[in-house]
Amino acid sequence: MGEYLGTYAYFLGCITPNRYPGIEAATKKIFKEFGVETKEMEGAACCPAPGAFGSLDLHTWLPIAARNIAIAEEMDLEIYVTCNGCYGSLQEADHLMKEHPKVKEEANRILGKIGREYKGTSKINHSIVLFHDLIGLDRIKERVKIPMDGVNVAEHYGCHFLKPSEVRGQGSSETPHQIKDLVEAVGAKAVDYKDMLMCCGAGGGVRSYDAYTSLDWTRQKIVNAMNVGADCMVHPCAFCHLQLDRGQSEIAKALGVTNMLPIIFFSQFIGLAMGFNEKEVGLDIQKTKIPDKIRDKFNSG
Amino acid sequence: MGTLMEDVIDWGGEIFGREHMETIKACVQCGKCTGVCPSGRITALRTRKIFQMVQQDMREEIYNSPELWFCSTCYTCYERCPKGVKTTDLIRVIRNVASKDGYMHLQHKMVSLYVIKTGHTVPVNLDVAHMREELSKNVYPIDAIAPTVQRIPGIADKAGYPELADKPEQMEQLRTIFKETGHAKFVGFNWDKMDLDVSDEEMEAAGLKKKA
């Protein structure tokens, strides 16, 4: 157990707890290993989805996001998230209410009806930024038990973690580095592939509007990564995970192929390198499995 | 009702500020948005065309364009627009205005339906509760049902965790927001039926099964 680094409120959202709870359990576990404590946000709701719900009614999207942030404020804690959608909604809503007093005032008029208030005292952190900046690459390197050398990783950043860059403040959206830094810290190699920055294909309500188009888009992304010999794809987003993992299994079924690209959430990938096996980081319950190269490391160790 | 552009600037202006929305006037149809669009490679979405249609007040045509809904909100064009047009936010607002005027697809109404009914776009189910139980043993302690809104009456009992019963007072807070903003009304949510006012035939035509 590392030195104590702080306590955060975990905003779960929908996909993480209700479709990929392995991401939830593993992220809490690995954070704990590094001295980051997690508190639950009782009564938090859907973020709500920035692209899908945000496309329908931003005037309702905003107060719901404000309510979610207010729950963490009442706990006097900063937030972390494991989904770019949640990050997009909460971080953007927080930004808009801080930039525009009238937007904050209107949100608080509505929150007043339910006995809550948004003050602007919390901070919305993406979990990958806490791993990268709070825990830091050095502490992560120190904990590596099973170096991921020889494993080629296709980075997938997703969209709303980085963009719009003027709002997110995560540096360049054209040359992001966070996943590359983390996977290389545990010995893996980040490999470039065609259209690395391309969206997973599910956002903005596209998946619910037209699954066929959405999956065709995802298929391109997966094939591009496979074409450069990637062993797996590592990413920071539960929503992308649903599309890349479950969506990929739908594509494979439709095409009649069995070869799938393993999709791994970044904290679970770090957990593997720390010596926790696939079951111990909750990767045994998803559609795509860990790469043979990684499984062999555990079997030979 | 003013022009479509005025509606977009009014509605979006209250969220993003009017200046943000007025960048649509700076669009000179260079087409960079369309060149970088991952959706445009496989669909008929031509982002610059959407903005031109707004500039030319082609309200009906936009409302009836399937391509308006093929933007995944990836923000690639937003990052690269040489004129600083706030593209993706404008597309979200154009969709809002279309939805408000009654041009909302049933697939998208379902997104709202789930949130109004359960508090989540993707709610918990029994399989997931059991999966969480396993993870709690193998990975790290988590509750079989996450302590979020999760308004699925009876699920906690069925999953064998009555102490994790859903919290109706939290759901009530959300529903108050939906009533206050008028959202429930514009998606056609019927509070008596606790469901959308749509027929099974309409659901079937949209390729949907009633699940919520």
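Reminder, nothing fancy here: chain letters follow the sequence lines and each chain counts from 1. Nothing here was measured: the structure is a model prediction, and the numbers come from that model.
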Self-check item: Backbone N/O of B:Leu174 and side chain of A:Arg67: donor-acceptor pair under 3.5 Å
Solution: no
Practice problem: Flag the pair A:Asp195 / B:Pro38 as yes when at least one side-chain heavy-atom distance between them is below 4.5 Å, and no otherwise. | Solution: no
Self-check item: Largest heavy-atom contact set with chain A, pairs under 4.5 Å, which of B:Pro66, B:Ala206, B:Gly12
Solution: B:Pro66
Quiz item: Taking everything shown except A:Lys98 itself, do over 12 heavy atoms lie less than 6.0 Å from its NZ?
Solution: yes
Practice problem: Heavy atoms only, distances under 4.5 angstrom: which of B:Val149, B:Val139, B:Val128 has the most pairs with chain A? Name it, please. | Solution: B:Val139
Quiz item: Hey, is the main chain of A:Glu174 close enough, under 3.5 Å, to the side chain of B:Glu79 for a donor-acceptor pair?
Solution: no
Quiz item: Which region of A:Lys29, side chain (C-beta onward) or backbone (N, CA, C, O), has a non-hydrogen atom less than 4.5 Å from a non-hydrogen atom of chain B, or is it both or neither?
Solution: both
Quiz prompt | From NE2 (A:His59) to CD (B:Glu14), nearest 0.5 Å | solution = 4.5 Å
Quiz prompt | A:Lys279 backbone acceptor or donor facing B:Asn138 side chain under 3.5 Å | solution = no
Quiz prompt | Contacting region of A:Arg109 [heavy-atom separation from chain B under 4.5 Å] | solution = side chain
Quiz prompt | From CD1 (A:Ile110) to NZ (B:Lys179), nearest 0.5 Å | solution = 14.5 Å
Quiz item: Which value, rounded to the nearest 0.5 Å, describes the distance between B:His130 atom NE2 and A:Ile285 atom CD1?
Solution: 13.5 Å
Practice problem: For each of A:Ile64, A:Ile15, A:Leu58, tally heavy-atom pairs with chain B at distances under 4.5 Å, and name the one with the top tally. | Solution: A:Leu58
Self-check item: Residue, of A:Gly282, A:Cys159, A:Gly271, that accumulates the most heavy atom pairs under 4.5 Å with chain B
Solution: A:Cys159
Quiz item: Hey, what do you get for CG (A:Asp57) to CH2 (B:Trp11), rounding to the nearest 0.5 Å?
Solution: 5.0 Å
Quiz item: Which of the residues B:Gln170, B:Met171, B:Met104 is involved in the greatest number of heavy-atom pairs with chain A at under 4.5 angstrom?
Solution: B:Gln170
Quiz item: Using a cut-off of under 4.5 Å for heavy-atom pairs, which of B:Ala146, B:Ser136, B:Ser39 has the most such pairs with chain A?
Solution: B:Ser39
Quiz item: Between A:Leu12 and chain B, which part of the residue has a heavy atom less than 4.5 Å away: side chain, backbone, both or neither?
Solution: side chain
Quiz prompt | Contact winner vs chain B - A:Pro164, A:Gly51, A:Ala93, A:Ala45, heavy-atom pairs under 4.5 Å | solution = A:Pro164
Quiz item: Is the B:His183-A:Phe53 ring centre distance short of 6.0 angstrom?
Solution: yes
Quiz item: Under a 4.5 Å heavy-atom cutoff, which of A:Arg207, A:Glu24, A:Glu99, A:His95 has the most pairs with chain B?
Solution: A:Glu24
Practice problem: Under 4.5 Å heavy-atom distance to chain B, tell me which part of A:Met198 shows up: side chain, backbone, both or neither. | Solution: side chain
Quiz item: Do B:Val111 and A:Tyr209 come close enough that some side-chain heavy atom pair is under 4.5 Å?
Solution: no
Quiz item: Who among A:Ser165, A:Pro63, A:Ser214 has the most heavy-atom pairs with chain B under 4.5 Å?
Solution: A:Ser165
Quiz prompt | Worked verdict on A:Ile30 versus B:Tyr140 for side chain to side chain contact (heavy atoms under 4.5 Å, CB included) | solution = CA-CA 9 Å; A:Ile30 308 302; B:Tyr140 193 79; over 6 Å; no
Self-check item: Side-chain donor/acceptor of A:Lys113 to backbone N/O of B:Ile177, under 3.5 Å
Solution: no
Quiz item: At what distance, to the nearest 0.5 angstrom, does CE of B:Met110 lie from OG of A:Ser208?
Solution: 10.0 Å
Quiz prompt | Min side-chain heavy-atom separation B:Ile42-A:Arg219 under 4.5 Å | solution = no
Practice problem: Give, as side chain, backbone, both or neither, the part of B:Glu134 having an atom under 4.5 angstrom from any heavy atom of chain A. | Solution: neither
Practice problem: Applying side chain to side chain contact (heavy atoms under 4.5 Å, CB included), run through B:Lys109 and A:Leu56 and close with a yes or a no. | Solution: CA-CA 8 Å; B:Lys109 287 184 180 179; A:Leu56 308 180; over 6 Å; no
Quiz item: What pair of heavy atoms forms the shortest contact from A:Lys163 to B:Thr76, and how long is it?
Solution: NZ-OG1, 3.5 Å
Quiz item: Between A:Glu92 and chain B, which part of the residue has a heavy atom less than 4.5 Å away: side chain, backbone, both or neither?
Solution: side chain
Quiz item: For atom CD of B:Glu204, is the number of surrounding heavy atoms from other residues, nucleotides or ligands below 6.0 Å larger than 12?
Solution: no
Quiz item: Taking the side chain as C-beta and beyond, is there a heavy-atom pair between B:Tyr114 and A:Cys14 under 4.5 Å?
Solution: no
Exercise. List the steps and the verdict of side chain to side chain contact (heavy atoms under 4.5 Å, CB included) for B:Asp143 and A:Glu40.
Key: CA-CA 10 Å; B:Asp143 284 339; A:Glu40 303 283 0; 5.8 Å; no
Quiz prompt | Most contacts with chain B, counted as non-hydrogen pairs under 4.5 angstrom, among A:Met97, A:Glu106, A:Gln220, A:His100 | solution = A:His100
Exercise. Determine the option with the most heavy-atom pairs under 4.5 angstrom with chain A, choosing from B:Ile145, B:Thr176, B:Val124.
Key: B:Val124
Self-check item: Side-chain heavy atoms of B:Asp127 within contact of A:Arg19, under 4.5 Å
Solution: no
Quiz item: Which bit of A:Leu96 is near chain B, if near means a heavy-atom gap under 4.5 Å: side chain, backbone, both or neither?
Solution: side chain
Quiz item: Does CD belonging to B:Glu169 count more than 12 external heavy atoms closer than 6.0 Å?
Solution: yes
Quiz item: Which bit of A:Leu111 is near chain B, if near means a heavy-atom gap under 4.5 Å: side chain, backbone, both or neither?
Solution: side chain
Self-check item: Option passing side chain to side chain contact (heavy atoms under 4.5 Å, CB included) with B:Thr121 (candidates A:Pro48, A:Cys46, A:Cys47)
Solution: A:Cys46
Quiz item: Can we call the ring centroids of B:Tyr75 and A:His160 under 6.0 Å apart?
Solution: yes
Quiz item: Which atoms of B:Phe186 come close to chain A, meaning under 4.5 Å heavy atom to heavy atom: side chain ones, backbone ones, both, or neither?
Solution: side chain
Quiz item: Looking at CG of B:Leu45 and OG1 of A:Thr213, how far apart are the two atoms once the value is rounded to the nearest 0.5 Å?
Solution: 11.0 Å
Practice problem: Could you have a look at B:Glu172, B:Arg41, B:Lys167 and say which one has the most heavy-atom pairs with chain A under 4.5 angstrom? | Solution: B:Arg41
Quiz prompt | Segment of B:His120 engaging chain A (4.5 angstrom heavy-atom cut-off) | solution = both
Quiz item: Considering only heavy atoms, which portion of B:Arg151 lies under 4.5 Å from any heavy atom of chain A: side chain, backbone, both, or neither?
Solution: neither
Quiz item: So which residues of residues 86-102 of chain B are in contact with chain A at a heavy-atom cut-off of under 4.5 Å?
Solution: B:Lys86, B:Asp89, B:Arg92, B:Val93, B:Arg95, B:Asn96, B:Ser99
Quiz item: Would you say the side chain of A:Pro21 lies within less than 4.5 Å of the side chain of B:Ile142, judging by non-hydrogen atoms?
Solution: yes
Self-check item: CA sep, side-chain torsions, deciding dist, call: A:Glu166, B:Tyr78, side-chain hydrogen bond (donor to acceptor under 3.5 Å, both in side chains)
Solution: CA-CA 10 Å; A:Glu166 63 187 9; B:Tyr78 184 107; 2.5 Å; yes
